[in-house]
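Scroll down for the structure; my scribbles are underneath it.
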2 protein chains.
Amino acid sequence: MIPPATTAVSPFVRLFGRYLREHGLPVTPQRQAVAEVVFSSTEHLSVDDIERKLREGGERIGKATIYRTLDLLVRSKLVAERDFNEGFKRYEHRLSRQPEHEHLICQRCGGVTEFKSEEIQAIQVHIAGRFGFRPTRHKLEIYGLCASCIAVGADLPSEGLTCPIETV
Amino acid sequence: MIPPATTAVSPFVRLFGRYLREHGLPVTPQRQAVAEVVFSSTEHLSVDDIERKLREGGERIGKATIYRTLDLLVRSKLVAERDFNEGFKRYEHRLSRQPEHEHLICQRCGGVTEFKSEEIQAIQVHIAGRFGFRPTRHKLEIYGLCASCIAVGADLPSEGLTCPIETV
DNA sequence: GTCCATGCAAACCTTTTGCACTATA
DNA sequence: TATAGTGCAAAAGGTTTGCATGGAC
């Protein structure tokens, strides 16, 4: 059904193949194709993005298979699942970039910028000491207006009460 | 349909009433009932939680109305919407507590602990300087094991590749 | 032959919307 | 009385699942 890939399998896809083999799971052309798309982009891809890119590449893979493969990619820790409150998930591979980074999300244009913060480590240490909590991962998202939108003079409406509320 | 509330309207609900009036929107018994439930709990409530509590209080209010009222409460900034990756949203009122706080989420028992962090402010200042970004709000969630689950000897399975990957 | 993946469609779940009816201001 | 809210049910949208088919070992 799926024609054999003409291009060689990329190193990252091979890593995914290794994960599959280690878990006794078949390495199929569909899984490789989905992984190839995810690893060849530095964007935060939605499932629709992935499906579109597959189609553009001549592959026609069912959504169910895409979802199932993404689940495997996330389990393998090679891919991270993101949720920017858009009503659907996005996927981002964790190779060739900082393994831990945070996101700046523009509430006007939807643009996402990544940044690294060492302060987060300090926070995690505090937390461990104060609550006896053992952190495994975290998510920091800062929402606001990006530089380009500020430059255009954009502003965000405030709809709260006219008079600020004192917290008791 | 809805019997008149026997208890006096709480101050927080009155605040919501003020918001509605300021925006030319009617203050209805349903809206007051939903607000009452949200303001009388310090939990992170799901829509089902809210519906259940309303029923327990003898109120039978349609889900659509609950959703529509929550939308108003969030717009008024009296209530914050939360998403802990459970597939649905939770709602938490912002009165009688720290207006800005972060969440510690136990991956085993699902327990949520709140904490405050001043470091976040420093991060936001960095970001503003470095990216020209104007932050309005943020979300920091730290996932891991809570003290009680650690005490019970719980552990989280790691399903990634057996050999850690070097980021290129 | 067994095991599992695939693809399609149906199911699922939360959330939103349309509409007839009702209550608010 | 005009305007907007309510409740029900249906729709929507993303994600998951059931099942028959098909490929790999």
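Atom C1' of nucleotide C:dT6 and atom CG of A:L72 are separated by 13 Å, given to the nearest angstrom. We find that NZ of B:K63 is positioned 16 Å from C1' of C:dT17, with the value rounded to whole Å. In this entry the distance linking CD of A:E51 with P of C:dG7 reads 11 Å, nearest Å. Going from atom CG of B:D71 over to atom C1' of C:dT17 covers 13 Å, rounded to whole Å. As a whole-Å value, the separation of B:R90 CZ from C:dT15 C1' is 16 Å. If you measure from atom CG of A:D48 to atom P of D:dT15, you get 8 Å, rounded to the nearest angstrom. A:K89 has its NZ atom 12 Å from the C1' atom of C:dT14, to the nearest Å. Residue A:N85 contributes atom CG, which lies 18 Å from atom P of D:dG13 at whole-angstrom precision.
A:E51 is linked by a side chain to side chain contact (heavy atoms under 4.5 Å, CB included) to A:D48, A:R55, A:K63, A:I66, counting only residues two or more places apart in sequence or in another chain.
OP1 and OP2 of C:dA5 both lie 4.0 Å or more from every side-chain N or O belonging to A:T28. The shortest distance between the side-chain N/O atoms of A:T65 and the OP1/OP2 oxygens of C:dA5 is not below 4.0 Å. Between B:R31 and C:dT24, a side-chain N or O to OP1/OP2 separation shorter than 4.0 Å is absent. Within the structure, a side-chain polar atom (N or O) of A:Y67 is placed less than 4.0 Å from OP1 or OP2 of D:dT15.
The nearest heavy atom of DNA chain C to B:L25 and to A:G24 marks one nucleotide each, and the one closer to the 5' end goes with A:G24.
Neither side chain, A:Q30 nor A:T69, offers a donor N or O lying under 3.5 Å from an acceptor on the other. Defined by atom type and a distance below 3.5 Å, a donor-acceptor pair is present between the side-chain atoms of B:H138 and B:Q124.
Of the candidates C:dA25, C:dG7, D:dG5, the closest approach to any side-chain atom of A:A64 belongs to C:dG7. Distance from the side chain of A:I61 is smallest for C:dG7 among the nucleotides D:dT6, C:dG7, D:dA4. Minimum atom distance to the side chain of A:Q30 is reached by C:dG7, of the listed C:dT15, C:dG7, D:dT15.
With hydrogens and angles ignored, a donor-acceptor pair closer than 3.5 Å exists between the side chain of A:R68 and the base of C:dG7.
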Next on the checklist: Under the criterion salt bridge (charged side-chain N to carboxylate O under 4.0 Å, His left out), I'd like the reasoning laid out for B:E22 against B:R18: C-alpha separation, chi angles, the key distance, then a yes or no.
Outcome noted: CA-CA 6 Å; B:E22 278 178 3; B:R18 190 176 109 200; 3.6 Å; yes

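Apart from B:V112 itself, the hydrophobic cluster it occupies contains B:F84, B:I105, B:Y143, where clustering links Ile, Leu, Val, Met, Phe, Trp and Tyr at side-chain heavy-atom distances under 4.5 Å.
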